[in-house]
Asker: 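Just dropping this structure here.
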Amino acid sequence: MGETVMGKMNVVIVTGLSGAGKTHAADWFEDKGYYCIDNMPPLLIRNFLELADYNSSRISKAAFVVDIRSEDFKEGLKDALNYMRQSPEISYKILYIEASDEALIARYNETRRRHPLSTGMTTNDIIEQERHMLDSIRRQADYIIDTTNLKTAEFQHEMDRLFEGGEEYTSKRAFGINIISFGYKYGMPQDIDIAFDMRFIPNPYYKKSLKKLTGNNKKVQQYVLKFDITKKFIKQVDDLINDLIPSFIKEGKYHLNIAFGCTGGQHRSVTMANEMARIFREEGYRVTLEHRSLDR
């Protein structure tokens, strides 16, 4: 959707988790000349589009930011999407913005704002409730941006590539790989595409000299990476992801969330996440890295 389709209105529906960055997206669209409406009641989107068409409006591109604050969210958005899908005068995309539970809770705590679904503190249960409510629209999204580890400038750069990059966005440099390490004892992350279990590798935890260290330590890394099975696994994962990425891009997906897990999320998963992040960066991909269980 890098270039405006001649003769059509280009519409972007911006949605996603509260606190994930939809307002930043609205600011970007506004700066790029889109007719942008934040917190648009979904039921009014169709009315707006019909009115614009009836008046032969000169609006060539519009962005509507919608979220669960609207009581008619599901039905209204379904109606708007059906209308746009059937209209030959409209080309539309759905942008879904998300972040990890930990990042969202931290943001709400910093700003002291209240989550739309909560009357008090923002909790994991509240965020999971919202994820469930938005699951159907997430599955329809053309683009998904995970802002967990993105600075404002990086987010804007991502938007530039998605909506103005054209063919350039099919390159390695434009594809984002978000890598996460975690401990199974704390539960699996909910926002991942592919998870790898590192518990087949001998555990450094049972080595007295390594027990209190983590996968960020060179001694632990040397231990985990020295095994033939580890080396074989790394090559297979590298080959697999590189083989899959062109197909993801073809289907309109421009980032991948990959998780590496072990028992406690301290040694093997951290080492593997670090190593794969290093490899993917060397190969030219845009990589973010997060260790979710290190502070547990």
Side-chain angles (χ1 to χ4, degrees), residues 12-27 37-45 63-78 80-81 94-141 143-152 154-155 158 176 178-195 255-259 261 264-265 288-296:
V12 181
I13 301 295
V14 183
T15 188
L17 297 174
S18 301
K22 296 191 295 295
T23 299
H24 289 306
D27 291 341
I37 304 178
D38 197 358
N39 194 21
M40 178 72 161
L43 274 178
L44 297 183
I45 294 177
F64 304 107
V65 183
V66 298
D67 60 30
I68 56 171
R69 285 176 289 180
S70 303
E71 294 182 0
D72 63 339
F73 179 80
K74 283 190 175 181
E75 290 304 315
L77 192 54
K78 181 179 179 181
L81 293 177
I94 300 173
L95 170 63
Y96 187 94
I97 303 176
E98 62 185 7
S100 68
D101 288 10
E102 293 85 352
L104 294 173
I105 291 174
R107 292 172 190 176
Y108 273 104
N109 287 339
E110 288 172 4
T111 60
R112 297 185 180 180
R113 294 178 58 198
R114 183 171 59 84
H115 191 283
L117 296 180
S118 174
T119 57
M121 294 286 291
T122 300
T123 65
N124 291 85
D125 289 340
I126 291 294
I127 296 173
E128 288 308 310
Q129 180 184 347
E130 186 179 25
R131 287 188 193 279
H132 178 72
M133 293 173 65
L134 294 172
D135 182 63
S136 61
I137 188 63
R138 185 185 189 277
R139 284 186 272 110
Q140 298 178 62
Y143 309 121
I144 299 175
I145 298 180
D146 185 334
T147 65
T148 300
N149 298 305
L150 290 183
K151 298 178 181 178
T152 301
E154 293 172 329
F155 177 78
E158 177 87 343
N178 305 313
I179 298 179
I180 302 160
S181 73
F182 71 96
Y184 279 100
K185 67 190 294 184
Y186 304 113
M188 287 186 64
Q190 298 298 308
D191 50 350
I192 57 176
D193 300 306
I194 302 174
H255 84 286
L256 196 60
N257 297 329
I258 305 174
T288 66
L289 177 63
E290 177 186 5
H291 300 303
R292 293 200 175 176
S293 302
L294 270 185
D295 295 330
R296 298 279 185 136

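Computed from a predicted model, the values in this text were never measured in an experiment. Values below: every heavy atom of this structure, side chains too, minus hydrogens, waters and symmetry copies.
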Asker: By side-chain contact (heavy atoms from CB on, under 4.5 Å), which residues pair with Ile194, not counting sequence neighbours?
Answerer: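 side-chain contact (heavy atoms from CB on, under 4.5 Å) list for Ile194, sorted by chain: Phe196, Ile241, Leu244, Leu256.
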
Asker: Check for a donor-acceptor pair, side chain of Asn257 on one end and backbone N or O of Asp193 on the other, with a separation under 3.5 Å.
Answerer: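 No, Asn257 side chain to Asp193 backbone: no donor-acceptor pair under 3.5 Å.
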
Asker: Residues two or more places apart in sequence or in another chain: which of them pass side-chain hydrogen bond (donor to acceptor under 3.5 Å, both in side chains) with Asp101?
Answerer: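 With neighbours one apart ignored, the set is Asn124, Arg131.
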
Asker: May I ask you to decide if Ser18's main-chain N or O and Glu130's side chain share a donor-acceptor pair within less than 3.5 Å?
Answerer: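 Judged by distance alone, yes, a pair lies under 3.5 Å.
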
Asker: Measuring from Leu134:CG to Asp67:CG, what's the distance to the nearest 0.5 Å?
Answerer: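 Result: 8.5 Å between the selected atoms.
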
Asker: Tell me whether Ser293 contacts the main-chain N or O of Gly183 through its side chain, where contact means a donor paired with an acceptor under 3.5 Å.
Answerer: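 Such a contact is found between Ser293 side chain and Gly183 backbone.
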
Asker: List for me each residue that meets side-chain contact (heavy atoms from CB on, under 4.5 Å) alongside Met188, sequence neighbours excluded, and say none if there are none.
Answerer: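 Counting only residues at least two positions away or on another chain, Met188 forms a side-chain contact (heavy atoms from CB on, under 4.5 Å) with Phe182, Tyr184, Ile192, Ala195.
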
Asker: Listed by chain and number, what are the salt bridge (Lys or Arg N to Asp or Glu O under 4.0 Å) partners of Asp135, not counting sequence neighbours?
Answerer: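 So Asp135 forms a salt bridge (Lys or Arg N to Asp or Glu O under 4.0 Å) with Arg139.
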
Asker: What pairs with Glu98 under salt bridge (Lys or Arg N to Asp or Glu O under 4.0 Å), at least two apart in sequence or on another chain?
Answerer: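 Salt bridge (Lys or Arg N to Asp or Glu O under 4.0 Å) list for Glu98, sorted by chain: Arg138.
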
Asker: I'd like to check Ile13 versus Ile45 (side-chain heavy atoms, cut-off strictly below 4.5 Å). Are they in contact?
Answerer: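 Yes, at least one pair of side-chain atoms sits under 4.5 Å.
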
Asker: Only one of Ile179, Asn178, Ile180 forms a side chain to side chain contact (heavy atoms under 4.5 Å, CB included) with Leu289, so which one is it?
Answerer: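 Of the listed options, the one satisfying the test is Ile179.
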
Asker: Rounded to the nearest 0.5 Å, how far apart are CD of Glu102 and CD1 of Ile127?
Answerer: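 CD1 of Ile127 is found 8.5 Å from CD of Glu102.
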
Asker: Applying ring-ring contact (aromatic ring centres under 6.0 Å, His included), can you list everything that pairs with Tyr96, at least two apart in sequence or on another chain?
Answerer: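 Residues passing ring-ring contact (aromatic ring centres under 6.0 Å, His included) with Tyr96: none at all.
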
Asker: How would you list, by chain and number, every residue that makes a ring-ring contact (aromatic ring centres under 6.0 Å, His included) with Phe155, sequence neighbours excluded?
Answerer: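 Expected list: none.
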
Asker: How far does CE of Met133 sit from CG of Leu17, to the nearest 0.5 angstrom?
Answerer: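 These two atoms lie 11.0 Å from each other.
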
Asker: Side-chain contact, heavy-atom cut-off 4.5 Å: Ile97 with Val14?
Answerer: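 SC-SC contact between Ile97 and Val14 confirmed.
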
Asker: The criterion is salt bridge (Lys or Arg N to Asp or Glu O under 4.0 Å); which residues satisfy it with Asp27, sequence neighbours excluded?
Answerer: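 Not a single residue meets the salt bridge (Lys or Arg N to Asp or Glu O under 4.0 Å) criterion with Asp27.
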
Asker: What residues, two or more places apart in sequence or in another chain, satisfy side-chain contact (heavy atoms from CB on, under 4.5 Å) together with Thr148?
Answerer: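 Result, side-chain contact (heavy atoms from CB on, under 4.5 Å) vs Thr148: Ala99, Ser100, Ala103, Asp146, Glu290.
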
Asker: Sequence neighbours excluded, which residues qualify as side-chain hydrogen bond (donor to acceptor under 3.5 Å, both in side chains) partners of Thr147?
Answerer: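 Testing Thr147 for side-chain hydrogen bond (donor to acceptor under 3.5 Å, both in side chains), a comparison that skips the adjacent residues, returns Arg107.
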
